[in-house]
There are 2 protein chains.
Amino acid sequence: MNDRQMNIGEAARRSGVSARMIRHYESIGLIPKAPRAYSGYRAYSGNDVHTLRFIRQARSLGFSVSQIEQLLGLWRDQSRPSRRVKALALAHVAELEQRIRELGAMKRTLEQLAAHCHGDERPECPILDGLAVPAGARRRSPARPDLTQIKPKARAC
Amino acid sequence: MNDRQMNIGEAARRSGVSARMIRHYESIGLIPKAPRAYSGYRAYSGNDVHTLRFIRQARSLGFSVSQIEQLLGLWRDQSRPSRRVKALALAHVAELEQRIRELGAMKRTLEQLAAHCHGDERPECPILDGLAVPAGARRRSPARPDLTQIKPKARAC
DNA sequence: ATACACCTTGCCACGATGAGAAGGTCAAGC
DNA sequence: GCTTGACCTTCTCATCGTGGCAAGGTGTAT
């Protein structure tokens with residue numbers, strides 16, 4: 001029943017992946033090039049929609065496109081050892097934890113600064129003062145190398 | 001002693017902002033155009049370095065460039081009400097919290113999927129199955145009621 | 001004079017997504 | 001037939017912060 005071919009719009013609606021992103025995924029090789037109808041329109045099957053849903057789900061869990069590439073490969077490989085999938089998933093969990101820790105550190109620092117700020121009409125502001133002073137100089141134990149330096153992985157989500 | 005003018009490289013070293021990013025910040029108007037020596041080299045003062053450190057610190061706390069623009073404005077305005085700074089900071093804390101929540105939700109979902117995966121040589125894999133099924137349709141897994149119901153917070157191996 | 005470190009500008013790339021332009025295709029209604 | 005409107009095609013540009021590379025000018029030390 002799902003063997004009906006459909007255009008990109010319907011595939012987008014059914015999968016939850018925008019038509020724009022379907023084309024994008026095709027262009028970067030994440031999904032194979034869709035066959036074209038005589039009109040030049042891309043033609044998708046129910047199976048393709050299934051794949052797109054897989055991709056959307058993986059994206060919503062924060063997997064990068066290259067990770068999804070691997071996941072798709074494992075998904076299609078009926079004889080994969082589940083060990084490899086689990087390793088991928090747990091590695092991603094670790095990444096998520098790392099990013100959560102980084103954001104948490106930012107939040108904590110900022111909250112501490114904000115806690116000391118009156119937040120009224122007066123100009124004195126420990127928040128601005130805190131930003132103006134290098135992070136390490138604000139510590140009780142003056143560890144020279146600023147271990148508080150965090151490097152966001154250039155990947156906002 | 002800090003009135004000495006310096007080239008971009010030294011300003012970068014002293015502030016912790018790369019020369020590249022200093023030029024970038026200048027080009028997008030976050031910092032004013034640096035005066036040029038006869039050679040065409042940009043000339044920076046100790047004050048400029050101070051500003052750059054402020055920027056670096058704000059970036060490391062996750063403020064966006066446009067937010068930093070506002071913070072710089074408040075920093076320079078000696079008569080700002082600290083209320084406005086605090087509002088900015090707390091709004092950013094809320095953003096951070098939001099992102100942390102999102103990442104935490106991803107992590108939790110992924111951990112739950114991983115917890116049910118044996119992670120051995122066999123191909124069966126609840127992780128891939130979970131990705132293949134739309135999120136809403138995965139309330140319970142009737143296939144293995146013993147695992148899903150007994151272990152609420154199963155930890156992955 | 002020659003080497004080398006530093007500076008300049010400019011373009012390209014990342015990742016995932018959105019916006020828009022300019023044009024082709026299809027199906028329904030007259 | 002013809003028009004309309006929804007849908008499709010490709011293309012380019014923008015986001016955001018950062019890095020890389022290239023080609024060329026400058027400054028200083030040997």
Side-chain angles (χ1 to χ4, degrees), chain A residues 5-31 33-44 48 52 55-72 92 95-96 99 102-103 106 149-157, chain B residues 4-31 33-44 48 52 55-71 92 95 99 102-103 106:
Chain A
Q5 297 294 299
M6 64 196 94
N7 287 337
I8 199 171
E10 186 170 353
R13 248 172 279 122
R14 292 200 180 192
S15 65
V17 179
S18 72
R20 180 145 235 116
M21 291 314 297
I22 296 178
R23 293 194 197 100
H24 177 62
Y25 291 150
E26 180 183 304
S27 81
I28 63 175
L30 182 62
I31 54 178
K33 302 203 177 194
R36 304 296 183 110
Y38 183 74
S39 61
Y41 290 8
R42 290 171 178 83
Y44 296 93
D48 295 329
L52 288 169
I55 292 173
R56 190 194 55 152
Q57 187 60 19
R59 285 286 312 137
S60 80
L61 290 180
F63 284 101
S64 72
V65 166
S66 70
Q67 289 171 314
I68 294 177
E69 220 159 349
Q70 302 181 258
L71 286 172
L72 277 176
H92 184 49
E95 281 176 33
L96 290 173
R99 286 161 61 191
E102 290 169 359
L103 294 178
M106 293 180 191
Q149 263 319 93
I150 31 187
K151 303 191 173 181
K153 291 183 60 183
R155 245 176 79 197
C157 189
Chain B
R4 213 185 86 248
Q5 296 296 296
M6 65 196 93
N7 287 337
I8 199 171
E10 186 171 353
R13 247 171 281 121
R14 292 200 180 193
S15 65
V17 179
S18 72
R20 173 147 233 113
M21 291 314 296
I22 296 178
R23 294 194 196 99
H24 178 62
Y25 291 150
E26 179 183 303
S27 81
I28 63 174
L30 183 62
I31 54 178
K33 300 201 179 198
R36 304 298 184 106
Y38 183 74
S39 60
Y41 290 8
R42 289 173 181 80
Y44 295 94
D48 294 329
L52 288 170
I55 292 171
R56 190 194 58 147
Q57 188 59 20
R59 283 286 313 140
S60 81
L61 289 181
F63 284 100
S64 72
V65 167
S66 69
Q67 288 172 315
I68 294 177
E69 219 161 350
Q70 301 181 257
L71 286 171
H92 184 49
E95 281 174 34
R99 285 163 63 190
E102 288 168 1
L103 294 177
M106 293 179 192

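Sequence lines set the chain letters: A, B, ... in the order given, protein chains first and strands last, and positions in each chain run from 1. Note that these values count all heavy atoms, side chains included, but never hydrogens, waters or copies made by symmetry. None of these values were measured; they are calculated from a predicted model.
Across all non-hydrogen atoms, the minimal contact from B:A34 to B:A43 is CB-O, 4.0 Å. In terms of heavy atoms, A:R56 sits closest to A:V17 at CB-CG2, 3.7 Å. Taking both residues in full, the closest heavy atoms of B:Q57 and B:S60 are given as O-OG, 2.8 Å, listed atom of the first, atom of the second, then distance. Closest approach of A:I55 and A:I68 over heavy atoms only: O-CD1, 3.9 Å.
The phosphate of C:dG20 has neither OP1 nor OP2 within less than 4.0 Å of any side-chain N or O from A:R20.
Contact check of residues 34-42 of chain A against DNA chain D (heavy atom, cut-off under 4.0 Å) returns A:R36, A:G40, A:Y41, A:R42.
Residues A:I22 and A:I31 form a side-chain contact, since some pair of their non-hydrogen atoms from C-beta on lies under 4.5 Å apart. Using a 4.5 Å heavy-atom cutoff, the side chains of A:R20 and A:H24 are not in contact.
Residues satisfying the ring-ring contact (aromatic ring centres under 6.0 Å, His included) criterion with B:F63, sequence neighbours excluded, are B:H92.
Rounded to whole angstrom, the span from the CE atom of B:M21 across to the C1' atom of D:dC16 amounts to 9 Å. Straight-line distance from the CD atom of B:E102 to the C1' atom of C:dA16: 15 Å, rounded to whole Å. Atom CD1 in A:I8 sits roughly 16 Å away from atom P in C:dC26 (whole-Å rounding). C:dG15 atom C1' lies 12 Å from atom CD of A:Q67, rounded to whole Å. Computed from coordinates, the B:I28 CD1 to D:dT15 C1' distance equals 12 Å when rounded to whole Å. Regarding B:R13, its CZ atom lies at a distance of 9 Å from the C1' atom of C:dC6, rounded to whole Å. Distance A:H24 NE2 to C:dC14 P: 10 Å, rounded to the nearest Å. As rounded to whole Å, 17 Å separates atom P of C:dA16 from atom CD of A:E26.
Between A:E102 and B:R99 no salt bridge is recorded (no basic side-chain N to carboxylate O distance below 4.0 Å).
Each end of the helix from C:dA1-D:dT30 to C:dC30-D:dG1 gets its own rotation axis from five pairs of C1' atoms, and the angle between them is 30° to the nearest 10 degrees.
Side-chain atoms of B:Q67 come within 3.5 Å of backbone N or O of B:S64 as a donor-acceptor pair.
Listed nucleotides: C:dT8, D:dG17, C:dG18. Nearest to the side chain of B:R23: C:dT8.
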